[in-house]
Amino acid sequence: MSKKITNREDDYSQWYLDVVKEAKLADHSPVRGCMVIRPNGFALWENMKQALDQMFKDTGHENAYFPLFIPKSFLSKEAQHVEGFAKECAVVTHSRLQSVDGGVEVDPESRLEEELIVRPTSETIIWDAYRGWIQSYRDLPILINQWANVVRWEMRTRLFLRTMEFLWQEGHTAHATKEEAVEETLRMLDVYKTFAEEYMAMPVLSGVKTESERFAGAVDTYCIEALMQDGKALQAGTSHFLGQNFAKAFDVKFQDDDGEHKYVWATSWGVSTRLVGGLIMTHSDDHGLVIPPKLAPVQVVIVPIYKNDDQRQEVLDYADPIYRELKDAGIAVKLDNRDNYKPGWKFAEHEARGTPLRIAVGPRDVKNNNLELARRDTLLKEIVTRDNIAGRIGDLLETIQSDLLQTAKNRRDVRTRNVDSYDDFLEEIEKGGFIYAHWDGTAETEQKIKEETKATIRLIPLEDSESGTCMVTGKPSEKRVLFARSY
RNA sequence: CGGGGAGUGGCGCAGUCCGGUAGCGCAUUCGCUUUGGGAGCGAAGGGUCGCAGGUUCAAAUCCUGUCUCCCCGACCA
């Protein structure tokens with residue numbers, strides 16, 4: 001069984017690709033680094049999107065949409081920002097094609113006066129708009145989110161984890177005070193953490209990035225980091241305190257209640273389709289995808305088992321009310337009554353697709369008023385009575401959801417440890433996982449560690465820990481920081 | 001962008017060294033038998049061998065270029 005999926009320990013990269021393929025989440029596109037998100041993958045993203053969107057609205061945000069194209073001149077207004085993105089921008093230079101024997105070519109006459117950049121992120125075009133929207137402190141705060149696609153011309157891509165075009169949301173807020181903006185930055189970081197843990201069942205650590213890992217143009221970049229099954233870290237979301245950098249670059253001022261003209265304070269925050277990659281690598285196994293119930297496009301599949309047409313009818317008559325009962329209870333249930341596949345085939349397929357719970361019903365169950373429940377996460381099967389099935393399934397889905405989080409947490413905690421000497425660090429980092437160690441706070445030391453071990457500082461925790469001395473230089477260190485090799 | 005590997009029906013592969021009628025398994029369609037963990041038999045359909053040039057009487061096979069994917073590095077969410 002599961003012949004089509006490479007085992008994780010044999011080849012983790014191939015396993016990941018096999019899972020994406022067998023779960024029909026996405027295909028490679030004819031364009032390098034881009035992907036076709038298939039209905040299965042998109043339904044998963046839509047569920048994530050829906051939950052996040054509600055959380056954004058519950059914290060006072062509104063959705064809006066800004067253009068795909070950004071005038072080239074906008075990107076040069078914030079020096080740090082342009083430095084961060086210049087090397088990975090798609091540039092539109094012409095507006096027309098013309099026919100030429102059997103094909104088309106760019107019409108050289110159509111060169112644009114000002115070239116357009118396909119957004120790698122939207123700070124610049126949004127802050128250009130905000131300038132016109134903000135005059136008084138009464139216009140603040142502005143709390144806007146956008147669901148969009150962005151393009152970053154990446155060298156090396158992987159489905160969902162890093163694609164040249166990806167889908168995401170980007171929040172962009174404007175505030176009258178620094179305190180308020182910092183508060184917003186941390187609020188949204190917390191929203192991400194809550195979403196990752198409660199919906200994705202993916203435990204995350206949160207903290208602040210070092211200067212070298214910071215978003216170009218930000219004063220501080222906060223992040224959530226998850227640990228994948230292969231021991232590598234994945235940055236799953238970021239929230240930036242932008243200070244007044246963009247307000248100054250785009251001249252966005254407001255008149256405060258004291259009559260003074262002041263620059264606006266800003267934040268931005270985002271998560272992307274990369275989360276799908278994180279979800280896959282957090283829960284899935286050698287049989288395929290595992291999706292937590294809260295995000296599963298199909299939560300329960302019912303597979304009928306029969307030997308002939310009479311039995312088929314009998315079993316379907318038994319299964320149908322179960323289907324309706326679950327549906328009425330608000331459970332995303334699917335009755336797989338396809339006659340051209342055998343039950344075993346269906347079992348394997350739904351496992352590859354990550355459906356959290358499978359119900360099998362056959363003549364034996366009809367006779368005994370039973371059904372067989374099989375959990376995708378544990379692969380355990382049990383025979384239960386058909387009575388109160390909706391209540392039982394609802395409870396079980398909740399159990400699966402919390403078990404997945406607990407399992408992922410345990411897996412992470414086992415691979416998270418403190419290390420005090422650089423010799424130990426060199427040895428430990430080879431084993432993967434998270435390592436808390438002391439660091440002297442300098443970019444030089446950080447760079448040295450990165451060059452020698454390929455590990456980076458994933459985050460500086462927000463809460464205090466014991467002080468100590470840097471494992472490399474022996475200089476004083478205020479607290480431990482989190483190291484890992486990462487995606 | 002540098003190094004390595006690969007691209008042949010929908011999927012996985014053989015054939016390439018040594019040029020000579022494009023094959024196998026799975027999948028698909030039809031029929032019969034089957035159905036509690038990826039069913040069996042029979043028949044049928046489907047490929048200008050990634051793409052573009054070149055060499056040759058003849059190219060999947062040799063040469064040049066190019067695109068895409070995988071692995072390793074540098075860069076990044």
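The structure presented is a predicted model; accordingly, all values stated were derived computationally and were not measured. Atom set for the values below is all heavy atoms of this structure, side chains included, hydrogens, waters and symmetry mates excluded.
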S.K.: B:G37, B:C69, B:U35: which one has an atom nearest the side-chain heavy atoms of A:Arg32?
M.R.: B:C69
S.K.: Can you measure A:Asp339 atom CG to B:U35 atom P for me and round it to whole angstrom units?
M.R.: 12 Å
S.K.: With no hydrogens and no angle check, is any side-chain donor or acceptor of A:Thr163 less than 3.5 Å from a backbone partner on A:Leu159?
M.R.: no
S.K.: Can you check the A:Phe347 CZ to B:U35 C1' distance for me, whole Å?
M.R.: 10 Å
S.K.: Rounding to a whole Å, what distance do you find between A:Ile302:CD1 and B:G36:C1'?
M.R.: 16 Å
S.K.: Rounded to whole Å, how long is the line connecting atom NE2 of A:His350 with atom P of B:G36?
M.R.: 16 Å
S.K.: What is the base-pairing partner of B:U34, counting Watson-Crick and G-U wobble geometry with both distances under 3.5 Å?
M.R.: none
S.K.: Taking the six-membered ring for Trp and the single ring otherwise, decide whether the centroids of A:Trp345 and A:Phe347 are under 6.0 Å apart.
M.R.: no
S.K.: Between the main-chain N or O of A:Thr6 and the side-chain N or O of A:Asp18, is there a donor-acceptor pair closer than 3.5 Å?
M.R.: yes
S.K.: Just one of A:Lys209, A:Lys232, A:Lys193 clears the salt bridge (Lys or Arg N to Asp or Glu O under 4.0 Å) bar with A:Glu225, so which one?
M.R.: A:Lys209
S.K.: Report all interatomic pairs (protein N or O, nucleotide N or O of nucleotides 72-76 of chain B) with separations under 3.5 Å.
M.R.:
unit_1: B:C72; atom_1: OP2; unit_2: A:Arg156; atom_2: NH2; d: 2.5
unit_1: B:G73; atom_1: OP1; unit_2: A:Lys454; atom_2: NZ; d: 2.8
unit_1: B:C76; atom_1: O2'; unit_2: A:Glu154; atom_2: OE2; d: 3.3
unit_1: B:C76; atom_1: O2; unit_2: A:Arg162; atom_2: NE; d: 2.2
unit_1: B:C76; atom_1: O2; unit_2: A:Arg162; atom_2: NH1; d: 3.4
unit_1: B:C76; atom_1: O2; unit_2: A:Arg162; atom_2: NH2; d: 2.1
unit_1: B:C76; atom_1: N3; unit_2: A:Arg162; atom_2: NH1; d: 3.4
unit_1: B:C76; atom_1: N3; unit_2: A:Arg162; atom_2: NH2; d: 2.5

S.K.: Taking only the side-chain nitrogens and oxygens of A:His28, find out if one of them lies under 4.0 Å from OP1 or OP2 of B:C70.
M.R.: yes
S.K.: Nearest whole Å is fine: how far is B:A39 C1' from A:Tyr306 OH?
M.R.: 13 Å
S.K.: 5'-most contact on RNA chain B: A:Thr238 or A:Leu17, nearest heavy atom basis?
M.R.: A:Leu17
S.K.: With rounding to the closest Å, how many angstrom separate the C1' atoms on B:G47 and B:G5?
M.R.: 24 Å
S.K.: Closest approach to the side chain of A:Tyr341, judged atom by atom: which nucleotide of B:U28, B:G36, B:G38 is it?
M.R.: B:U28
S.K.: Given the C1' atoms of B:C11 and B:U55, what is the spacing between them in whole Å?
M.R.: 35 Å
S.K.: Measure the distance from CD1 on A:Ile305 to C1' on B:A39 and round it to the nearest whole Å.
M.R.: 14 Å
S.K.: Can you list everything that forms a ring-ring contact (aromatic ring centres under 6.0 Å, His included) with A:Phe56? Sequence neighbours excluded, please.
M.R.: A:Trp269
S.K.: Under the 3.5 Å rule, do the base of B:G36 and the side chain of A:Lys381 count as making a donor-acceptor pair?
M.R.: no
S.K.: Using heavy atoms to find the nearest nucleotide of RNA chain B for A:Thr163 and A:Asp365 separately, return the residue whose nucleotide is more 5′.
M.R.: A:Asp365
S.K.: Calculate the interatomic distance between A:Gln14 atom CD and B:C70 atom C1'; express it in whole Å.
M.R.: 7 Å
S.K.: May I ask you to verify if any side-chain N or O of A:Lys307 is less than 4.0 angstrom from the OP1 or OP2 atom of B:U33?
M.R.: no
S.K.: Could you state the atom-to-atom distance from CD of A:Glu372 to P of B:G37 in whole Å?
M.R.: 9 Å
